[in-house]
Amino acid sequence: MNYQRTVQELESKATLWWSTQLHEANANISIIPKLLETQDDFLHIISLSKGNPFKIFDLLEASEFPANLFLKHLSVLADYGGEPIQRLGRSFDTIFKDDSGKYVINFIWEAKNFEYEFKALPIRGLGNKKLFMDGEGLTKSQPLSDIYRDMIVILMFGSTSTVNQEAGLSKCEIGTLLGKADILEKFVKQRYINVSRITGGATANSLGQLAQKEVLNYLKNSLPKEYEVVSNGYIQLDGYNKNSGMPFDIVIERQKQYIGIEISFQVTTNSTIERKAGQALDRFNLMHSNGYKIAYLLDGAGNFQRQSALSTICKYSDCSVAYSDEEFEVLSNWIRETI
């Protein structure tokens with residue numbers, strides 16, 4: 001297979017625009033500070049809810065805590081975000097409609113059976129935007145309404161419901177801990193430590209960092225264990241003027257053989273790709289003179305507006321790929337063939 005592609009070959013594989021998955025991940029990162037800031041108030045509400053699973057609604061109304069922010073807390077804690085909620089909305093009839101035509105969910109709380117009849121659901125286009133749970137929506141506080149009552153019940157008690165498996169609600173379990181203050185605090189704090197670890201180091205508008213992390217994780221999972229995969233690594237090179245080594249977005253090492261990978265995904269045109277192009281020849285020559293290889297992951301509509309810069313990079317790259325799972329696999333195969 002020819003891994004040294006032309007710009008035209010690369011563009012035919014390119015996605016050009018950020019995926020929905022990355023946009024959603026970025027939106028989640030941007031609201032993490034808001035969730036952490038309001039975590040204690042959220043905990044206070046659910047810790048006070050005792051005696052009845054639906055008492056949570058009275059407490060939520062009395063506290064005037066925004067219903068959309070409360071639901072976002074539940075969504076993050078249950079790892080049940082935009083895509084699962086959309087799938088749930090599309091399958092609502094088959095999951096929740098009973099023989100009499102009513103929409104209900106049956107669940108167990110404190111060893112008792114409860115049935116909740118949905119008041120607003122199903123609706124068309126159920127998702128984060130409709131629920132004001134995306135980055136923009138969370139800036140507008142929403143009062144408790146029937147649609148929030150419906151979703152709160154699903155995300156709090158779904159794990160003990162009769163449709164748990166069918167709707168993928170196994171982590172929607174925080175309702176089982178209502179009123180148990182000490183256990184709740186430990187549960188919530190631990191979940192948010194995990195969330196912070198997943199999104200560690202990234203901030204709002206950090207799609208580039210997220211893209212790099214996605215490639216990094218793909219390579220770690222696809223390459224055999226003897227390959228070391230390092231984010232923001234350095235390669236020591238004879239002839240390079242910095243003792244720290246030449247920096248790369250990702251460094252691959254196996255038995256003292258190295259590959260440096262540079263990543264650029266620009267939807268709007270800027271000078272980053274021109275800078276990489278200006279360095280491409282020197283980096284290529286230095287890497288080759290030390291017996292190592294260099295690869296580029298290039299995508300984004302903005303980058304492809306800079307045809308001359310991309311042509312230069314492709315010329316001085318041992319492997320050029322675009323941004324998709326299929327292309328990540330091409331990169332992974334090339335790495336295994338190379339070192």
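Heavy atoms only: backbone and side chains are in, while hydrogens, waters and symmetry mates are out. By convention here, the first residue in the shown sequence is residue 1.
- No hydrogens or angles considered: nothing links the side chains of Gln4 and Ser317 as a donor-acceptor pair under 3.5 Å.
- Scanning all heavy atoms of the two residues, the minimum distance from Cys319 to Leu331 falls at SG-CD1, 4.2 Å.
- Looking at Glu11 and Arg5, no side-chain N of the basic residue comes within less than 4.0 Å of a carboxylate O on the acidic one, giving no salt bridge.
- Checked by atom type, the side-chain pair Tyr218/Glu329 shows a donor-acceptor distance below 3.5 Å.
- With hydrogens and angles ignored, the 3.5 Å screen pairs no side-chain donor or acceptor of Asp318 with any backbone N or O of Ala295.
- Ile174 has its side chain out of reach of Thr176: every pair of non-hydrogen atoms, C-beta onward, lies at least 4.5 Å apart.
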Q.
Apply ring-ring contact (aromatic ring centres under 6.0 Å, His included) to residues Tyr116 and Phe114 and explain how you reach the verdict.
A. CA-CA 7 Å; Tyr116 174 86; Phe114 287 86; over 10 Å; no
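- In this structure a side-chain-to-backbone donor-acceptor pair under 3.5 Å is missing from Ser47 to His44.
- Looking at Asp40 and Lys189, a side-chain N of the basic residue comes within less than 4.0 Å of a carboxylate O on the acidic one, giving a salt bridge.
- Looking at Ser264 and Asn303, their side chains do bring a donor and an acceptor atom within 3.5 Å of each other.
- Taking 4.5 Å as the limit, some side-chain heavy atom of Ile261 sits within range of a side-chain heavy atom of Leu219.
- Here the side chain of Ser332 pairs no donor or acceptor atom with the backbone of Phe328 at under 3.5 angstrom.
- For the pair Arg283 and Tyr316, the cation-pi test (distance below 6.0 Å, angle within 45°) is failed.
- A salt bridge is absent between Glu228 and Arg254: the closest approach of a Lys/Arg side-chain nitrogen to an acidic carboxylate oxygen does not fall below 4.0 angstrom.
- Summarising the geometry of Asp299 relative to Tyr323, their closest heavy-atom pair is OD2-N, 2.8 Å, with the distance given to 0.1 Å.
- Defined by atom type and a distance below 3.5 Å, a donor-acceptor pair is missing between the side-chain atoms of Tyr258 and Asn290.
- Leu144 has its side chain within reach of Phe57: a pair of non-hydrogen atoms, C-beta onward, lies under 4.5 Å apart.
- Between the side chains of Gln212 and Asn232, a donor-acceptor pair is found at a separation under 3.5 Å.
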